[in-house]
J.: 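First the structure, which I've put down as structure tokens, then a few questions once you've had a look.
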Amino acid sequence: MSSIVSPLRLLLLGAPGSGKGTQTSKLLKRFPSINSLSSGDVLRSQIALNSPIGQEASGYIKMGRLVPDSTMVQLITSQLQQKNWLHSDATWLLDGFPRTAPQAQALNVILSESNANINMVVELDVDQSVILERIEARWVHLPSGRVYSLDYNPPKVPFKDDITGESLSKRDDDTAEVFQKRLDQYNSEIEPLKRFYEAQGTLHKISGNTSDIIFPKLETLILENFGK
Ligand code: AP5
Ligand code: MG
């Protein structure tokens, strides 16, 4: 089977519930050389640790607002350093960061210094009416970030994580009211962010509402640009 042969540094963009986490899991299974980092998962683990960043972030997340740019840039940059991802041979995937133009600009400076710029950005374009239904059906394993849906990818044992057998839970920010705020916030930030990556020539868009449309397109796009 074809694989990735040149360094891929991929950013997945998309509304809350568009499937960033789900496509990430599929990509990690299909391409074992990819490592991933989800800003939402990093924040939720900081909250579980009750760290100073977790305490700061928790209030924003509960209200469906974005955590301030300076906090996010600091948090994610230090993760990139710890993971040794700041070099030109690194292959990785970011889910959920950057999500504002100032975050993208700040990250771009840091990555440029290491010759490790993001070289592909993919926007997952899913109708927002479809997304609202998905969130009702979403259950998560908080410690790992693994995502399930009662309809689309149910756990093998109801309400239990497939790997650890631990209980699944609902995210605090998945209530109808907070979810609508997250969507509104996404819609207000996305255009300048897309313009930033469009100007760099890295932006792609994949559209699809039903279960198995997006992944084959994503796989093809990656192989055409980074595989053999
Ligand atoms: P984050 O955790 O990143 O949440 P989000 O962007 O709102 O996205 P979600 O995780 O809700 O959705 P997803 O796209 O991963 O979809 P999923 O694969 O689960 O961020 C949370 C909060 O943290 C933010 O609101 C903000 O406060 C803060 N934050 C994070 N990053 C930040 C940043 N950079 N700056 C500032 N603040 C930040 O799929 C959804 C459901 O649909 C699942 O149940 C899944 O099984 C199902 N599904 C997926 N694909 C399909 C399909 N093809 N067909 C049918 N069902 C599907
Ligand atoms: Mg997610």
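In each ligand, atom 1 is the first atom listed, and ligand 1 is the first ligand listed.
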J.: Using a 4.0 Å cutoff against the non-hydrogen atoms of M72, which atoms of ligand 1 qualify?
T.: 31 (N), 32 (C), 33 (C), 34 (N), 35 (N), 36 (C)
J.: Return the residue, atom name and 0.1 Å-rounded distance of the protein heavy atom closest to atom 1 (P) of ligand 1.
T.: R99 NH2, 3.7 Å
J.: Look at ligand 1 and say whether P98 reaches it with a heavy atom at a distance under 4.0 Å.
T.: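 No; P98 lies far enough from ligand 1 that no heavy-atom distance drops under 4.0 Å.
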J.: Report yes or no: does I61 have a heavy atom closer than 4.0 Å to ligand 1?
T.: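 Under 4.0 Å: yes for I61.
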J.: Report, in ascending order of atom number, the atoms of ligand 1 lying under 4.0 Å from any heavy atom of P16.
T.: 5 (P), 7 (O), 8 (O), 12 (O)
J.: Please work out, at 4.0 Å between heavy atoms, whether the side chain, the backbone, both, or neither of Q185 comes within that distance of ligand 1.
T.: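 It is neither; nothing of Q185 touches ligand 1.
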J.: Can you sort out which atoms of ligand 1 are near S39, meaning under 4.0 Å from one of its heavy atoms?
T.: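 Ligand 1 atoms under the 4.0 Å threshold to S39: 30 (C), 31 (N), 32 (C).
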J.: Taking only heavy atoms of R138, which atoms of ligand 1 are found under 4.0 Å from at least one of them?
T.: 9 (P), 10 (O), 11 (O), 12 (O), 16 (O), 17 (P), 19 (O), 40 (C), 43 (C), 44 (O)
J.: Taking ring pair (Phe, Tyr, Trp, His ring centres under 6.0 Å) as the cut-off, I'd like each qualifying pair that reaches into residues 129-155, sequence neighbours left out, listed once.
T.: W139-F159
J.: Flag R182 as yes when one of its N or O atoms lies below 3.5 Å from any N or O atom of ligand 1, and as no otherwise.
T.: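 R182 vs ligand 1: N/O contact under 3.5 Å present.
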J.: Hey, what do you get for CH2 (W92) to NZ (K83), rounding to the nearest 0.5 Å?
T.: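 Nearest 0.5 Å value for the CH2-NZ distance: 12.0 Å.
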J.: Under 4.0 Å from ligand 1, counting heavy atoms only, is it the side chain of V67, its backbone, both or neither?
T.: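 The part of V67 near ligand 1 is both the backbone and the side chain.
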J.: Do ligand 1 and G21 have nitrogen or oxygen atoms that lie under 3.5 Å from each other?
T.: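 Indeed, backbone or side chain, G21 has an N or O that close.
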J.: Tell me whether N153 has any N or O atom under 3.5 angstrom from an N or O of ligand 1.
T.: yes
J.: May I ask you to identify, for L43, whether its side chain, its backbone, both or neither come under 4.0 Å of ligand 1 on a heavy-atom basis?
T.: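 Only the side chain of L43 comes within reach of ligand 1.
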J.: Which protein heavy atom lies closest to atom 49 (C) of ligand 1, and at what distance to 0.1 Å?
T.: T22 OG1, 3.3 Å
J.: I need the contact type for A15 against ligand 1. Using non-hydrogen atoms and a strict under-4.0 Å cut-off, is it side chain, backbone, both or neither?
T.: backbone
J.: Check if G17 has a non-hydrogen atom at a distance under 4.0 Å from any atom of ligand 1.
T.: yes
J.: Looking at R44, which atoms of ligand 1 are within less than 4.0 Å of one of its heavy atoms?
T.: 2 (O), 21 (C)
J.: Would you say F97 and ligand 1 have an N/O pair spaced under 3.5 Å apart?
T.: no
J.: Determine whether any heavy atom of Q23 lies closer than 4.0 Å to an atom of ligand 1.
T.: no
J.: Table please: side-chain donor-acceptor pairs of residues 188-199 below 3.5 Å, with sequence neighbours left out.
T.:
residue	atom	partner	partner atom	Å
S188	OG	Q185	O	2.9
K194	NZ	E123	OE1	3.2
K194	NZ	E123	OE2	3.4

J.: With a 4.0 Å heavy-atom cut-off (strictly under), which part of Y148 contacts ligand 1: side chain, backbone, both or neither?
T.: backbone
J.: Would you mind running through ligand 1 and noting each atom that sits below 4.0 Å from a heavy atom of R65?
T.: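 The list of qualifying atoms is 26 (C), 27 (O).
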